[in-house]
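Report on the following structure.
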Protein chains: 2
Amino acid sequence: MSNTTIKILAKELNLSVASVSKALRDSHEISKETKEKVLALAQKLNYVPNPYASSLRKRKSKTIAVVLPEVADSFFSLAINGIESVAQDKGYHVLIYLTHESFAREEAILNEFKSGRVDGILISVSDETNTSDHIKQVIASGKPVVFFDRVCDDVEAAKITTDDMESSYQATHHLVMNGCRKIAYLYTSKNLSINDKRMEGYKKALSDSGLKINEDFIVLCEGNTAGNFEIIRNLLKNKNRPDGIIACVEKLTTPIYLACHDLKLAIPDKIKVISFTNLQAALILSPPLTTVTQPAFEMGKTAAMVLFKALEKNNYNLKKETIVIPSQLTIRSTTKKDLGV
Amino acid sequence: MSNTTIKILAKELNLSVASVSKALRDSHEISKETKEKVLALAQKLNYVPNPYASSLRKRKSKTIAVVLPEVADSFFSLAINGIESVAQDKGYHVLIYLTHESFAREEAILNEFKSGRVDGILISVSDETNTSDHIKQVIASGKPVVFFDRVCDDVEAAKITTDDMESSYQATHHLVMNGCRKIAYLYTSKNLSINDKRMEGYKKALSDSGLKINEDFIVLCEGNTAGNFEIIRNLLKNKNRPDGIIACVEKLTTPIYLACHDLKLAIPDKIKVISFTNLQAALILSPPLTTVTQPAFEMGKTAAMVLFKALEKNNYNLKKETIVIPSQLTIRSTTKKDLGV
DNA sequence: GTGAAAGCGCTAACAC
DNA sequence: GTGTTAGCGCTTTCAC
């Protein structure tokens with residue numbers, strides 16, 4: 001049991017707890033010899049400070065919270081990597097919370113942050129979230145909040161996003177340029193502002209190309225692959241089926257491929273496909289997938305850095321930082337132009 | 001600022017802090033009316049207890065740590081999901097730490113756990129880890145540790161693993177049954193016990209089938225995809241190249257496909273492939289990949305459940321729980337038997 | 001049924 | 001340079 005406390009060190013060395021505490025923190029008030037003695041004994045007795053005692057006293061927890069919809073998605077995995085890398089660097093601890101896209105959970109989780117458990121919050125909201133009081137309350141309680149990827153537009157806080165509108169526009173435009181005339185847009189949530197933006201980019205690109213927007217081709221998918229397979233299969237088995245698909249979420253990729261395969265619709269000859277995803281495996285799919293790749297690691301890292309900026313200075317005004325990191329359209333085989341015909 | 005404390009509630013209600021504390025915790029010593037008054041005010045003032053004050057006093061943090069090599073891997077993502085689901089259920093918080101396969105980091109991280117920051121630890125060790133003093137010390141400090149997937153054999157603690165030896169045996173056997181005679185085994189770490197077991201299964205399957213073990217076909221890969229591509233390409237461009245590959249790590253999948261493609265080696269006609277991976281996309285690869293699928297979510301969940309068992313009873317003897325959850329060989333096209341010749 | 005008092009381990013003013 | 005004191009917010013005896 002490494003129950004060594006400052007008190008024990010103090011007694012052992014015939015010093016006061018205060019002096020030991022100061023020595024441990026390398027205070028200039030303490031003589032070199034004392035410091036050395038203290039450090040030596042601390043080492044010997046394997047002293048590890050109790051973080052909560054110190055948190056209580058200093059009103060700083062040295063920990064941040066990361067609130068995510070889920071983690072089984074290449075985007076969020078990479079984002080966590082980015083976040084964790086800077087947190088570790090700064091000596092901070094990171095608590096992770098998954099909302100599983102439930103607003104109720106998100107609310108309950110955020111509510112706890114009004115206490116001193118964390119010094120700041122990084123959040124990508126659930127797709128059920130269309131109110132933001134829970135977040136505003138946390139901010140009002142004095143904790144900096146940084147949104148990344150999925151933001152709440154009506155909250156004044158730092159926001160790290162990617163250029164959803166533009167990249168979707170580009171993706172759609174790419175399909176048009178490669179011969180698509182009937183492009184479907186697949187999404188999974190009505191609430192998310194990132195979805196609004198992606199859909200806007202899609203629609204704008206169609207308009208700019210003189211193509212009509214067909215509401216039947218804008219289809220709302222759901223949570224599980226099996227259900228989505230059916231939805232997509234239904235879309236594609238029509239005589240008047242789309243000749244291009246944009247999937248604005250990674251998890252739609254598998255059902256799209258499966259549905260095309262099932263219907264013997266050759267990609268890219270009969271139908272072209274683009275997904276928003278960071279899956280490395282995109283390049284070994286059959287055929288290799290054209291993707292909109294988000295700067296996931298970068299976004300996580302940036303979000304964390306902005307949060308630490310707010311944590312380090314008490315200058316909360318910096319919170320309105322809005323950083324947009326561009327996504328990249330990576331062109332592979334699923335959008336290859338028909339050569340012959 | 002939601003700085004409401006018990007003290008404030010007490011003053012407001014003309015009660016003692018002790019009574020308020022008890023009321024909040026629904027103690028039977030407190031009258032119904034008092035409880036109601038307290039709860040009502042707490043609600044009104046948006047009281048959120050300071051977790052660290054309570055941790056300090058109760059010597060319980062209600063948080064656990066999850067230490068992982070990385071998170072950008074389908075296995076670990078799914079495992080986190082499993083862990084988080086039970087933690088949230090139990091009202092626990094989860095701190096996440098990534099070692100990035102560095103022993104030094106793992107050591108530093110574990111060292112902090114001797115303090116009261118966490119009540120217990122879930123760990124999958126880094127591939128550099130071949131000493132376990134840092135873990136033993138944490139256990140000695142009174143914190144339960146549960147290993148999952150990557151364990152330290154010489155530490156007495158609960159271990160949740162999958163049947164690495166058997167599943168590797170099966171995978172190899174499957175290749176042999178489908179006509180492979182020269183099977184390569186690709187791995188990324190010399191230290192990991194799971195690798196030893198997988199390699200053992202591979203070797204045993206070869207021996208049992210009367211095949212010779214060719215050390216040139218047991219190849220150590222590295223961290224990045226580009227490097228691995230070269231390594232695998234070199235392996236496969238030999239005249240005496242393997243006719244089957246087992247990749248014991250997810251991230252080797254992409255370079256294998258790329259190398260085969262580059263060398264125009266048709267899968268499965270010229271070479272058959274099996275990977276240890278939980279990637280959903282395995283079934284839409286070109287061609288769909290035969291995989292050893294680990295029960296990632298289950299393992300995470302089970303590990304967490306075992307940890308909570310230890311946390312709830314003080315019966316630490318339960319710690320020697322060793323649970324093996326079987327993996328599954330999912331047969332797809334990359335191991336399809338040659339029909340014609 | 002309620003309250004006073006002590007203390008978890010640490011830090012920060014302020015003496016000396 | 002070192003020690004004394006007080007207190008962060010909460011829980012827990014033990015009185016009353």
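In what follows, chains carry the letters A, B, and so on, assigned in the order in which the sequence lines appear, proteins first and then strands, with residues in each chain numbered from 1.
D119(B) places a side-chain N or O within donor-acceptor distance of the main-chain N or O of S61(B), the cut-off being under 3.5 Å. Although no hydrogens or angles enter the test, the distance criterion places no donor-acceptor pair under 3.5 Å between the side chain of T161(B) and the main chain of V324(B). Remark: side-chain polar atoms of S77(A) are paired, donor with acceptor, to backbone N or O of V71(A) under 3.5 angstrom. At distances below 3.5 Å, at least one donor-acceptor pair connects side-chain atoms of S55(A) with backbone N or O atoms of K60(A).
Between N14(B) and Y52(A), the residue anchored nearer the 5' end of DNA chain C, judged by the nucleotide with its closest heavy atom, is N14(B). Each of L15(B) and R57(B) lies near DNA chain C, and the nucleotide nearest L15(B) is the one positioned closer to the 5' end.
Nucleic acid contact for S31(B): sugar-phosphate only, since backbone atoms but no base atoms lie under 4.0 Å from a heavy atom of the residue. Within the nucleic acid shown, S55(A) has no heavy atom closer than 4.0 Å to any nucleic acid atom.
As rounded to whole Å, 15 Å separates atom P of dA4(C) from atom CD1 of I6(B). When the P atom of dC10(C) is taken as reference, atom NZ of K58(A) falls 12 Å away, rounded to whole Å. Distance, I8(A) CD1 to dC8(C) P: 11 Å, rounded to whole Å. The nearest whole Å value for the distance from the CG atom in N50(B) to the P atom in dC10(C) is 17 Å. Rounded to whole angstrom, the span from the CD atom of E33(B) across to the C1' atom of dT2(C) amounts to 13 Å. When rounded to the nearest whole Å, the span between CG of D119(B) and C1' of dC8(C) equals 15 Å. The distance from atom CG of L9(B) to atom P of dT11(D) is 12 Å, rounded to the nearest whole Å. Across the protein-nucleic acid pair, L45(B) atom CG and dG9(D) atom P stand 15 Å apart, rounded to whole Å.
Residue S16(A) places at least one side-chain N or O closer than 4.0 Å to OP1 or OP2 of dG3(D). In this structure, T34(B) does not reach the dG1(C) phosphate: none of its side-chain N or O atoms is under 4.0 Å from OP1 or OP2. The phosphate of dT11(D) has neither OP1 nor OP2 within less than 4.0 Å of any side-chain N or O from K60(B).
Minimum atom distance to the side chain of T5(B) is reached by dC10(D), of the listed dC10(D), dC8(D), dT2(C). Of the candidates dG3(C), dA12(C), dC8(D), the closest approach to any side-chain atom of L56(A) belongs to dC8(D).
Tested against I123(A) for a side chain to side chain contact (heavy atoms under 4.5 Å, CB included), the candidates V138(A), V67(A), I109(A), T99(A) yield a single pass: V67(A). Of the residues listed (D149(B), I325(B), I194(B)), the one engaging Q294(B) in a side chain to side chain contact (heavy atoms under 4.5 Å, CB included) is D149(B), and it is the only one.
Note on ring orientation: taking the six-membered ring where Trp is involved, the planes of H134(A) and F103(A) are perpendicular (angle over 60°, cut-offs 30° and 60°).
For DNA chain D, the residues of residues 21-29 of chain A within the heavy-atom distance limit of 4.0 Å (strictly under) are K22(A), E29(A), sorted by number.
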